[in-house]
> 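This is the structure, below, for whatever I ask next.
Throughout, a chain's letter reflects where its sequence line sits, starting with A, and its residues are numbered from 1.
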There are 2 protein chains.
Amino acid sequence: MSTAEETDGENTPWSEVTPEAARRLLVAAVEAFAERGYHATTTRDIAGRAGMSPAALYIHYKTKEELLHRISRIGHDRALRLLETAADSGGTPSDRLADAVRSFVRWHAERHTTARVVQYELEALGDGHRAEIVALRRKSDAAVRRIISEGVRAGEFDVPDVPGTTLAVLSLCIDVARWFNAQGSRTPEEVGTLYADLVLRMVGAQK
Amino acid sequence: MSTAEETDGENTPWSEVTPEAARRLLVAAVEAFAERGYHATTTRDIAGRAGMSPAALYIHYKTKEELLHRISRIGHDRALRLLETAADSGGTPSDRLADAVRSFVRWHAERHTTARVVQYELEALGDGHRAEIVALRRKSDAAVRRIISEGVRAGEFDVPDVPGTTLAVLSLCIDVARWFNAQGSRTPEEVGTLYADLVLRMVGAQK
DNA sequence: GAGCGCTCTAAGCGCTTGCTCAGGTTCGGG
DNA sequence: CCCGAACCTGAGCAAGCGCTTAGAGCGCTC
């Protein structure tokens with residue numbers, strides 16, 4: 001009897017944000033930042049979307065930048081976990097790479113509103129906050145590189161330039177957040193499958 | 001005796017922008033928009049970088065948005081021409097696709113400041129201007145799709161989903177503008193070559 | 001039922017924004 | 001030598017910005 005929105009845990013984003021008013025503000029901020037960008041979004045707009053007065057925002061968050069940081073932090077945690085789960089799972093390097101790409105891409109498509117903020121508003125973060133996020137991003141890179149390296153060592157992949165190919169794979173996936181449109185003809189599932197196939201070709205995986 | 005900056009024609013960007021003060025303002029705007037984003041850039045900042053007063057900007061441009069539009073228009077024209085030149089050149093589909101990717105990527109790396117504005121500030125354009133730019137982008141998509149389709153028809157490529165793969169190829173190249181760093185270890189040339197190879201693998205090109 | 005802590009609002013402060021305008025400087029042509 | 005056009009500046013306006021403050025309403029404990 002409960003919708004997907006009501007179940008807790010992994011499938012409900014922002015369930016870790018409490019109290020409820022703070023979560024409403026955060027969800028409103030995600031929408032506004034994704035639509036117009038961080039700098040073009042006003043605190044009045046965020047508060048308005050959450051059905052509150054502008055001052056209410058400052059009870060739950062010290063600054064507008066702190067809101068962005070919380071969004072970015074939670075999003076990066078989630079994305080990193082998707083990649084590390086795939087990297088640590090059993091199976092051949094091909095299986096794990098396909099898994100990583102499929103789930104990473106699906107997240108960027110399904111949650112493209114969030115992903116857009118997470119991937120394209122890094123420069124609006126303050127220096128300390130940005131450094132923290134960049135560290136998470138390096139771990140994402142390491143997870144993918146590990147899969148590709150192991151595929152090469154196992155003779156399963158043919159990759160002349162491992163760091164370069166790792167960068168290209170992540171880049172390809174991240175850019176989904178820019179172009180994906182919920183009204184478009186492709187489902188997140190379909191894009192994930194297509195991309196997993198393309199990436200296996202990029203690394204020269206044996207069939 | 002003349003540097004690359006002084007030679008005219010293709011290799012000098014913005015040579016079509018006159019008078020010189022208007023060009024200085026536009027170059028300053030490109031730098032500022034790329035660093036901070038359109039909305040976070042002030043007209044005072046642009047004028048200051050060009051060594052002028054804020055009011056001087058409005059002699060050459062009606063609004064700040066018109067500056068963005070001129071940058072976007074010129075950049076899109078240039079990028080589209082790179083792709084169409086490659087698509088129309090002689091040679092096998094593999095040659096033409098590699099050529100398109102190599103030159104498109106090299107432009108995004110060499111001119112990553114410009115490319116960042118061109119690719120990531122579309123939403124800051126006014127409605128009319130955005131529609132004009134979107135039309136140019138569709139032509140870029142068509143040029144790449146044409147090469148891939150012809151490769152498939154010639155039996156040279158193995159591509160189950162032509163529109164999806166076209167989208168992925170362009171997406172991969174465009175994202176270079178986001179991550180490319182002039183201080184990094186790769187030259188634009190190297191990235192172009194790497195990416196051309198990766199894309200040929202994506203389309204299953206025969207060796 | 002008085003006191004307290006938490007949440008929220010109305011009002012507004014100090015500042016910056018995109019943009020304007022009156023006036024000054026420069027310079028080629030008559 | 002003067003004129004008009006082109007270009008640029010200093011000063012500033014109205015609007016909107018992020019954020020603060022004073023105080024109201026609420027539900028809780030004792």
> Considering all heavy atoms of both residues, which atom of B:Ala196 and which atom of B:Arg102 are nearest to each other, and what is their separation?
CB-NH1, 4.3 Å
> Please round to the nearest 0.5 Å and tell me the distance separating atom CG of A:Leu68 and atom OH of A:Tyr61.
12.0 Å
> What string of B, S and - do you get for nucleotides 6-16 of chain C 5' to 3' if you count protein non-hydrogen atoms under 4.0 Å?
--BBB-B----
> Separation of B:Tyr61 atom OH from C:dG18 atom C1', in whole Å?
17 Å
> Of all residues at least two apart in sequence or in a different chain, which pass the salt bridge (Lys or Arg N to Asp or Glu O under 4.0 Å) check with B:Glu66?
none
> Report all interatomic pairs (protein N or O, nucleotide N or O of nucleotides 22-28 of chain D) with separations under 3.5 Å.
none

> Check salt bridge (Lys or Arg N to Asp or Glu O under 4.0 Å) between B:Glu65 and all other residues, then give those that pass, not counting sequence neighbours.
none
> At how many degrees, to 10°, do the end axes of the helix from C:dC4-D:dG27 to C:dG30-D:dC1 meet when each uses five pairs?
10°
> Check the side chains of A:Asp95 and A:Thr92 for a donor-acceptor pair under 3.5 angstrom, ignoring hydrogens and angles.
yes
> Compare every heavy atom of A:Ala87 with every heavy atom of A:Ala143, then report the nearest pair and how far apart it is.
O-CB, 4.0 Å
> From OH of A:Tyr58 over to P of D:dC19, roughly how many Å is that when rounded to an integer?
4 Å
> Which pairs count as ring pair (Phe, Tyr, Trp, His ring centres under 6.0 Å) when at least one residue sits in residues 84-119 of chain A, sequence neighbours excluded?
A:Phe104-A:His108, A:His112-A:Phe180
> Rounded to whole Å, how long is the line connecting atom CZ of B:Arg23 with atom P of D:dC7?
14 Å
